[in-house]
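Reviewing the structure listed below.
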Amino acid sequence: MLRRYVLPEIVGTVLAVAAASALHRTSPYAAAWAGSIAEGIGYYGTLLWRDTRGHRGAGRLRALVRQVPGTLVEFGTAEALDTLLVRPALMYAGPVLVGDATLGVVAGKLAADLVFYLLVFGGRLARLRLEAGSEAEAVQDLQDRVARPAARALIGAAVTVGEEQDHVVDAGDDVGPAGLLRRLP
């Protein structure tokens, strides 16, 4: 799930720093707003481009239109708070507190990202629920996309889910990390 946000973050960050740095000497307020707006354009432009990249011409426009409701569910609340309050305030405060325009914008952006993603993850679950048709399917989808791969990657051992919690280790079982990973659903 986190892979979904990496490329948009990179593009948004580059545009935010460029826009804010270009305007910081004229007005820190203008720089904060410009950085916030440029980041949003880069972020959502990249996200929607990637979500519709398999389509061409009019098909791409239709795919884009189909993405709008889910995108609003996933990002709407987080983006409204982020754009109107959190990000401009933190991107203004960053350079003031740090004393350097570029480093301050990056610090403010990272702080704003933390608040943003805390809200986005709830929106992502709501979007998956909407698209899957039920909460149970959305939770299962999150487990499939996030929990199991994270368990494999981070701890190299199984996090048992559902019925596998009742598994009793037999004398012939391979109980090391490799054996545990083989039992993951």
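Note that the structure is predicted; figures quoted are calculated from it, not measured.
- When all heavy atoms of Met91 and Ala16 are compared, the closest pair comes out as CE-CB, 4.0 Å.
- Separation of atoms OH (Tyr43) and OH (Tyr5) is listed at 6.0 Å; rounding is to 0.5 Å.
- Leu118 CG to Phe116 CZ: the interatomic distance, rounded to the nearest 0.5 Å, is 11.0 Å.
- Going from atom CG of Leu72 over to atom CD of Glu79 covers 10.5 Å, rounded to the nearest 0.5 Å.
- In summary, the side chains of Thr71 and Gln67 do not present any donor paired with an acceptor at a separation below 3.5 Å, with no hydrogens or angles considered.
- Leu97 and Leu103 fall into different hydrophobic clusters, where Ile, Leu, Val, Met, Phe, Trp and Tyr are joined by side-chain heavy atoms under 4.5 Å apart, directly or via other members.
- Taking all atoms of both residues into account, the shortest heavy-atom contact from Ala78 to Val120 is CB-CG2, 3.7 Å.
- Between atom CG of residue Leu114 and atom NZ of residue Lys109 there is a gap of 11.0 Å, rounded to the nearest 0.5 Å.
- Scanning both residues, Ala107 and Val98, for their nearest heavy atoms gives CB-CG2, 4.4 Å.
- Across every non-hydrogen atom of Ala19 and Ala34, the tightest pair is CB-O, 3.7 Å.
- With contacts defined as side-chain heavy-atom distances shorter than 4.5 Å, the pair Arg87/Asp113 qualifies.
- In this structure, Thr13 OG1 and Leu110 CG are separated by 7.0 Å, a value rounded to the nearest 0.5 Å.
- None of Arg60, Arg66, Arg4 except one satisfies the salt bridge (Lys or Arg N to Asp or Glu O under 4.0 Å) rule with Asp51; the exception is Arg4.
- The heavy-atom pair separating Pro88 from Thr83 by the smallest distance is CG-O, 3.2 Å.
- Separating the OH atom in Tyr92 from the OG atom in Ser27 is a distance of 8.5 Å, to the nearest 0.5 Å.
- Side-chain heavy atoms closer than 4.5 Å link hydrophobic residues (I, L, V, M, F, W, Y) into clusters, and following such links, possibly through other members, connects Phe121 to Leu47.
- Between the side chains of Glu39 and Tyr44, no donor N or O sits under 3.5 Å from an acceptor N or O.
- Side chain of Ser21 to backbone of Val17: a donor-acceptor contact under 3.5 angstrom is found.
- Residues Val105 and Pro95 are in side-chain contact: their nearest non-hydrogen atoms beyond the backbone lie under 4.5 Å apart.
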